[in-house]
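So the structure is just underneath, and the comments pick up after that.
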Amino acid sequence: MVKTENRPSWETYFMNITNLVAQRSTCLRRAVGAVLVKDKRILSTGYNGAPTNLKHCLEVGCLREQMGIESGTMHELCRGIHAEQNAIIQAAYHGVSVKGAVIYCTNQPCSICARMIINAGIVKIYYRSGYADSLAKELLAEANIELKQIESDNQGEGS
């Protein structure tokens, strides 16, 4: 007989994977991971870091840190791509539709990522930690995309 009392819920399972994906981040300020899921299957993953074949911040330093830019502002002044963006780009690169998918993120998406999520047809966002970008919440609410904060280490029923 299989024990299920310690089996994580689907939300916890995918959030734990998102935390693992974030460990690949090359950002010096914040390690962020994202996982796109549909029908309980992973479509793609992404973490924040420099585009392919460009030097990572780990190698050249943090432009935002050098310029004294606050978190949640002036997103365009960064070598890196956000985790959510990378997950959507990876799906597109490999010809995988994300329409109707949900996205798990270690952090609440910023307003740039929120707009991409809306246009990609993603229907729900699970995230662990907040982010200093109130416009993102407004855009997602207007687009009727549910934003749900969850803990990554809670155990749930095996549903």
Side-chain angles (χ1 to χ4, degrees), residues 9-58 62-65 69-154:
S9 68
W10 285 108
E11 289 176 1
T12 300
Y13 172 74
F14 289 121
M15 186 55 73
N16 286 344
I17 292 170
T18 302
N19 293 333
L20 182 62
V21 171
Q23 292 178 23
R24 291 281 307 152
S25 171
T26 59
C27 179
L28 296 170
R29 285 182 140 188
R30 180 189 320 247
V32 180
V35 176
L36 279 163
V37 175
K38 188 171 184 181
D39 300 327
K40 299 179 184 172
R41 301 290 180 254
I42 295 173
L43 302 177
S44 71
T45 65
Y47 53 87
N48 57 330
T52 303
N53 297 323
L54 296 186
K55 291 182 180 180
H56 295 288
C57 298
L58 292 171
C62 176
L63 176 65
R64 294 175 60 78
E65 200 66 40
I69 299 170
E70 280 186 56
S71 181
T73 65
M74 302 173 70
H75 301 289
E76 70 279 4
L77 295 178
C78 182
R79 293 185 64 81
I81 298 173
H82 289 188
E84 303 91 330
Q85 295 168 357
N86 264 330
I88 292 168
I89 290 166
Q90 285 301 307
Y93 186 85
H94 294 286
V96 177
S97 172
V98 298
K99 183 177 181 183
V102 299
I103 190 167
Y104 290 80
C105 308
T106 55
N107 295 82
Q108 175 206 307
C110 71
S111 57
I112 295 170
C113 291
R115 291 189 292 262
M116 289 182 71
I117 287 166
I118 292 164
N119 275 3
I122 295 166
V123 297
K124 189 172 187 176
I125 300 165
Y126 292 99
Y127 70 99
R128 186 185 68 221
S129 300
Y131 190 66
D133 190 338
S134 58
L135 178 59
K137 284 185 175 181
E138 292 172 27
L139 296 170
L140 294 165
E142 185 177 341
N144 294 315
I145 295 177
E146 185 179 353
L147 188 61
K148 183 178 179 187
Q149 188 169 15
I150 61 173
E151 296 298 320
S152 60
D153 55 354
N154 288 344

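It should be emphasised that the depicted structure is a prediction, and the values quoted were computed from it without experimental measurement.
- The structure places OG1 of Thr18 at 8.0 Å from CD1 of Ile42, a figure rounded to the nearest 0.5 Å.
- Residues Leu135 and Arg115 approach most closely at CD2-NH1, 4.1 Å, considering heavy atoms.
- Contact detail for Glu70 and Arg29: the closest heavy-atom pair is C-NH1, 4.2 Å.
- Around CZ of Arg30, the count of heavy atoms belonging to other residues, nucleotides or ligands within 6.0 Å exceeds 12.
- The aromatic rings of Trp10 and Phe14 lie parallel to each other, with less than 30° between the two planes, well short of the 60° mark.
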Mind listing the side-chain donor-acceptor pairs of residues 97-108 below 3.5 Å, one per line with the distance, residues two or more places apart or on another chain?
unit_1	atom_1	unit_2	atom_2	d
Ser97	OG	Lys99	N	3.3
Thr106	OG1	Gly33	N	3.1
Gln108	NE2	Asp133	O	3.4

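- Closest approach of Arg79 and Leu54 over heavy atoms only: NH2-CB, 3.9 Å.
- Of the listed residues (Leu139, Ile125, Val123, Leu36), just one forms a side-chain contact (heavy atoms from CB on, under 4.5 Å) with Ile117, and that residue is Ile125.
- Rounded to the nearest 0.5 angstrom, Met116 CE and Ile118 CD1 are separated by 11.5 Å.
- The residue from Val21, Val32, Ile81 that alone fulfils the side-chain contact (heavy atoms from CB on, under 4.5 Å) condition with Asn86 is Ile81.
- In this structure, the side chain of Gln149 does not engage the main chain of Tyr127 through any donor-acceptor pair within 3.5 Å.
- Counting non-hydrogen atoms of neighbouring residues, nucleotides and ligands closer than 6.0 angstrom, the NZ atom of Lys38 exceeds 12 such neighbours.
- In plain terms, the two heavy atoms of Arg128 and Met15 that are nearest each other are N-CE, 3.9 Å.
- Applying the ring pair (Phe, Tyr, Trp, His ring centres under 6.0 Å) rule to pairs touching residues 77-102 yields His75-His82, sequence neighbours excluded.
- Here the closest heavy-atom approach between residue Leu63 and residue Cys78 is recorded as CD2-N, 4.2 Å.
- Note that CD1 of Ile89 and CD of Glu84 are 11.0 Å apart. Values are rounded to the nearest 0.5 Å.
- Contact between Ala114 and Pro109 at its shortest, heavy atoms only, is N-CB, 4.3 Å.
- Here ring pair (Phe, Tyr, Trp, His ring centres under 6.0 Å) pairs that include residues 18-37, with residues two or more places apart or in two chains, number zero.
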